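These notes concern the structure reproduced below.
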Amino acid sequence: MIKYIMKSNRLLVFSCLFWVLGVCTSLGQKDAEPLPDSLLTEDHIYEFTFSDFDKAVRIIEQMRRRDLLPEYRLDIAEGDLYFNTGRYYQGLKYYRRALESDSVRNNDLDYMEQLHRMISSYDCLHDERQKAVYVELLYQKAKECNNLEMQSVALFNMGKMIYYQEDKERGYELVKNAIDLMKRSDYKYKYDNLRYDYNTLLIMQQRDKLYEEGLKTLDLLAAVVAEDTVGTPAIDGLVDKEQKTMYAQRAVLLSRLGRLEEADEAYQRWREIGAKYSKDDYLITPYLMDRKRYDDVIALYSPREQFLRENKDTINYHMMSVLRSLGKAYESKGDYRTSSRYYEQLALLTDSLKVREQDSAAIELATVYETNEKEAQIQQQKNELVVTRIWLISTAGAVFLLGLILWLISRNLRVIRRKNRAMVKQIQEQLSFGEIMEKRIRELEQKLQQAELLTVSLSQPVTEQNRSESREQELFVSFHRLLVEEQLYKDPNLTRDDIVARLGINKNQLVTILQQYAGVSFTDYVNNLRLSYTLELLSSPDNDTIEVIAEKSGFGSTRTLYRLFRERYDMSPTDYKRIVMNP
């Protein structure tokens, strides 16, 4: 981590109306009550980054209005604010603008600092192509200026990229050289960069099961966190947050080394910190799983799952981590039914999240690359503040009244049809199991092709582990293609013995492959394909009866179709067809 990552209806009507007026009034008061001058400093922007994001935004806005800092300095600070809080596209907008300013380009040190910020942003966005461009620019400029810290930053990122391209030995070498250069430098953000470097090295070592090396790295990280960083802007809670993270990492490493008493002690220290800084609590999960504290894992993630569901915020990486951890915990407890349910939800969430990420990125990019409307609006507010408030209140009132009228007109129709229509819509918007599996198959086929090309082009011997993994992937692809392309799943008499005989493997191999790549049993896999096909038939204008659809889908009996369909979609096939045909 780096520092700039561093830096009844009548009552309802009146209630809503007062709420709108209250919001508008509060907005006006917010502008009317500027922050005290003592808070309008660059350091306070970073101080409130994590503890009060809105206040940090207000500080920047008021500093811009009053021209308290050069424009490029405020761009850097605002970019840091968005970067620190995970809004990387928005941060890039300000970083890029600062990088293009003459003040930065004419100063080698400032120019390299901005390249560093660009690299960090693209790293977080997993854009390796753009990241590599700025890494090369930084390395060349740092060599030209004989700047140790920026050479360190460039080498570190080179090493990280090379490591994840599976040239691990060279990757470790560059990362450790980068750390050595940073230690020798007198960079004002030296310790913050070392924090980030050591944390990344620790992740690499854990990934490669180098647990003893990981403990040494963790000790070095602990020493860095404890170093005196007087003279650098403080970010509230950062040190305490890192201490809790390190206890979790230490517990995991020690448990993997069999040093259970020490691992348990680290875990107790982690627990003593309590519920503070709970965002990274997932780091303790490997320790809990090692110690077979499956109920503790469930107790850790179940409240989070409930909170996300109650707030209808289930399409995110937090939910993905929750579902994966709960699935593993229940599986380890032997509750395979509950575990399978979580794994199935995880598979659906993974694809839904990809779609949402694309939509969110598009929206954010549209915001990021629009013109300087925000800055122009701030300038206009100096002369038109009263007009803006009146317009805001009038517009909000008009929108509210118009919305209320439309709501009253359509309320009765919505109440009658809402539930079933929403259920059908949700089902139709979800990717079917067949589509999910088809995407996975294409990804595996592409991966196999790439692995084959890489082996041929580099003339590297294939390890037994890679050969086994490739064989399992090929078997899974063959299994899926066999079911789908020959439509075997439509045969109600299909058995697992039929499939293993066709594939030339034993039953245990098939079970292992399906759990690894699909997370379901053979029976569930086949029934999921049948249900996907059932949805197509129910939505078809052919107007087949349910009995015919059950036969075409391979269920064999209407009773089986009804039971499985209701379990999955919480409604009967008959209801679904009626709603689809009469929306």
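Predicted model, so just to flag it, every value in this text is computed and none were measured.
- At least one donor-acceptor pair under 3.5 Å links the side chain of Ser478 to the backbone N or O of Glu474.
- Residue-environment remark: CD (Glu166) exceeds the threshold of 12 foreign heavy atoms within 6.0 Å.
- Distance alone, capped at 3.5 Å, is enough to place a donor-acceptor pair between the Ser255 side chain and the Val252 backbone.
- In this structure, Arg105 contributes its side chain and Leu99 its backbone to a donor-acceptor pair below 3.5 Å.
- The aromatic rings of Phe83 and Tyr95 lie tilted to each other, with the angle between the two planes from 30° to 60°.
- Arg250 places none of its side-chain heavy atoms less than 4.5 Å from the side chain of Met246.
- Here Asp281 pairs with Lys244 in a salt bridge; the nearest charged N to carboxylate O distance falls below 4.0 Å.
- Residues Glu113 and Lys188 are not paired through a salt bridge, judged by the lack of any N-O separation under 4.0 Å between the basic side chain and the carboxylate.
- A pairwise comparison of heavy atoms in Tyr517 and Glu469 identifies OH-O, 3.8 Å as the closest pair.
- Around the CZ atom of Arg269, the shell of radius 6.0 Å holds no more than 12 heavy atoms that belong to other residues, nucleotides or ligands.
- Residues that satisfy the salt bridge (Lys or Arg N to Asp or Glu O under 4.0 Å) test with Lys216, not counting sequence neighbours, are Glu213.
- Counting only heavy atoms from C-beta outward, the side chains of Leu92 and Tyr82 never approach each other to under 4.5 Å.
- Figure legend: cation-pi geometry between Arg87 and Phe53, with NZ or CZ positioned under 6.0 Å from the six-membered ring centre and within 45° of its axis.
- Using a 4.5 Å heavy-atom cutoff, the side chains of Tyr342 and Tyr301 are not in contact.
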Only pairs under 3.5 Å count here: list side-chain donor-acceptor contacts from residues 132-142, not counting sequence neighbours, and write none if there are none.
from	atom 1	to	atom 2	distance (Å)
Glu136	OE2	Gln140	NE2	2.8

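- A salt bridge between Glu149 and Lys190 is absent, with no side-chain N of the basic residue lying under 4.0 Å from a carboxylate O of the acidic one.
- For Asp102, there are no side-chain hydrogen bond (donor to acceptor under 3.5 Å, both in side chains) partners at least two apart in sequence or on another chain.
- Remark: Arg324 engages no residue in a side-chain hydrogen bond (donor to acceptor under 3.5 Å, both in side chains) (not counting sequence neighbours).
- With a 4.5 Å cut-off on side-chain heavy atoms, Lys183 and Val224 do not count as touching.
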Does the salt bridge (Lys or Arg N to Asp or Glu O under 4.0 Å) test come out yes or no for Asp80 and Arg117, once each step is laid out?
CA-CA 8 Å; Asp80 291 346; Arg117 288 178 169 90; 3.1 Å; yes
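- Between Met63 and Ile45, some side-chain heavy-atom pair lies under the 4.5 Å cut-off.
- Within a 6.0 Å radius of NZ in Lys143, other residues, nucleotides and ligands contribute 12 heavy atoms or fewer.
- With contacts defined as side-chain heavy-atom distances shorter than 4.5 Å, the pair Phe156/Gln151 does not qualify.
- Residues His480 and Arg440 have side chains not in contact (no heavy-atom distance under 4.5 Å, counting atoms from C-beta outward).
- Residue Tyr164 qualifies as enclosed at atom OH: its count of foreign heavy atoms under 6.0 Å is above 12.
- Checked against side-chain hydrogen bond (donor to acceptor under 3.5 Å, both in side chains), Glu173 has the following partners two or more places apart in sequence or in another chain: Arg170.
- In Asn106, the CG atom is crowded: over 12 heavy atoms of neighbouring residues, nucleotides or ligands sit closer than 6.0 Å.
- In this structure, Gln114 and Ala98 approach most closely via the heavy-atom pair NE2-CB, 3.6 Å.
- Ring planes of Tyr163 and Tyr172: perpendicular class, angle over 60° (limits at 30 and 60°).
- Checked for salt-bridge contact, Asp37 and Arg66 meet the test: a charged N lies under 4.0 Å from a carboxylate O.
- Relative ring orientation between His44 and Phe48 is described as parallel, the plane-to-plane angle staying below 30° on a 0-90° scale split at 30° and 60°.
- Listed by chain and number, the residues in a salt bridge (Lys or Arg N to Asp or Glu O under 4.0 Å) with Lys328 amount to none (sequence neighbours excluded).
- Glu305 places no side-chain N or O within 3.5 Å of a backbone atom of Leu323 that could act as its donor or acceptor partner.
- The shortest distance between side-chain heavy atoms of Pro286 and Arg256 falls below 4.5 Å.
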Glu78 and Lys93: CA distance, side-chain angles, deciding distance, salt bridge (Lys or Arg N to Asp or Glu O under 4.0 Å) verdict:
CA-CA 10 Å; Glu78 189 154 5; Lys93 168 186 175 180; over 6 Å; no
With salt bridge (Lys or Arg N to Asp or Glu O under 4.0 Å) as the test, would you mind laying out the steps for Asp54 and Arg58 before giving the verdict?
CA-CA 6 Å; Asp54 291 339; Arg58 291 177 61 199; over 6 Å; no
